[in-house]
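Read the structure below first, then the notes.
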Number of protein chains: 2
Amino acid sequence: MRVFGIDCGTEFTGYGVVEVVTTPRETRLHALTSGAIRLNKKDRTAQRLAQVHTELSALLAQHAPDVVAIEEVFYSVNAKSALKLGQVRGVALLAAAQAGLEVAEYAPLSIKSAVVGYGLAKKEQVQFMVARLLGLDVVPEPADAADALAIAICHIHTAQTLAQQGADRSR
Amino acid sequence: MRVFGIDCGTEFTGYGVVEVVTTPRETRLHALTSGAIRLNKKDRTAQRLAQVHTELSALLAQHAPDVVAIEEVFYSVNAKSALKLGQVRGVALLAAAQAGLEVAEYAPLSIKSAVVGYGLAKKEQVQFMVARLLGLDVVPEPADAADALAIAICHIHTAQTLAQQGADRSR
């Protein structure tokens, strides 16, 4: 399974591609790539959205994931921020749909729980565990890239848990 | 000048194309088309956004406007609604950018002022004036289509006012 995680933001939109590698000895997670699309505040909104769409579409085509994972909305932000974030998120969801991919959404709490085992974990703890789970020597930069990898890991853990539950039930 | 107005919504996204027709006798406004893209609540968000994008892109290609006019965000809504609205708005702005069109944004107050001459006008008054200014016998349906036409009219009036001010200054 190859998962494309997206962490939407109005300035940086992080992305990270995580693959489950299964060998006779082990099952491990491997980060294929990660990074962030940096938007220029001087550009007009429509141009910024076009940049996110173009870059995400190219990354999806390049890495051919099986699924896209994205963070559910964080409603504690104010309406103005929510609208701006929504604009970026809409374009990201569109890119996924145009690539024929399903989108799985996860709440921040679920992502932290899946990666650290604790829903109220701090940002640094999440980033540390992302590096550890992916066998990386350093935390991926920028933080938005690490967050996107965390979302992808959350999807893989959730899928594995659901598969395990299904296997348990059919016994 | 041909203006494509968009009134974004999570269920209905209205559109309306208004053209300024200048004859030796008069300058009048003419509605080329109007309508609404109706989204199916049963569809997944990404699919709904793809539908808005596909239909808006087709309409922009078909009617070849000079500019797109869109309502500025209405911040009195809550963050959850703002995010959902933002997703649709992001896709609409993307479609405009991809069509190589500039986007002009107008606050609800400005739109009402431009159409009715009164910023706190009621929705019905705006719709009545839209029909009157465009020489239509009935108010365009659904309401989202009339709202999109109002946004397009607002852009035309604003452009005319700016041109008049420029002419006054150069005297």
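Keep in mind that what you see is a predicted model, and the values were worked out from it rather than measured. Naming convention: chains lettered A, B, ... in sequence-line order (proteins, then strands); numbering from 1 in each chain.
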How long is the gap from CG on Leu94(A) to CD on Gln47(B), to the nearest 0.5 Å?
10.0 Å
The reported gap from CG in Leu85(B) to CD in Gln87(A) (rounded to nearest 0.5 angstrom) is 8.5 Å
Treat each ILVMFWY residue as a node, draw an edge where side-chain heavy atoms are under 4.5 Å apart, and state whether Ile151(A) and Val139(A) are in one component.
no
Mind checking whether Val116(A) and Leu136(A) sit in one hydrophobic cluster, side chains of I, L, V, M, F, W, Y counted as touching below 4.5 Å?
yes
Ile6(B) with Phe12(B), same ILVMFWY side-chain cluster at under 4.5 Å
no
How far apart are the closest heavy atoms of Ala50(A) and Ala97(B), and which atoms are they?
CB-CB, 4.1 Å
What is the distance from atom CG of Leu49(A) to atom CD of Gln98(B), rounded to the nearest 0.5 Å?
10.0 Å
Between Ala92(A), Ala46(A), Gly86(A), Ala95(A), which has the largest tally of heavy atom pairs under 4.5 Å with chain B?
Gly86(A)
Is it the side chain or the backbone of Arg44(B) that comes within 4.5 Å of chain A heavy atoms, both, or neither?
side chain
So how far is it from Leu93(B) CG to His53(A) NE2, rounded to the nearest 0.5 Å?
13.0 Å
Joint cluster assignment, Phe4(A) & Leu29(A), ILVMFWY side-chain distance < 4.5 Å
no
Is it possible for you to say whether Tyr106(B) and Val68(B) belong to one hydrophobic cluster, with membership spreading through side-chain heavy-atom contacts below 4.5 Å?
no
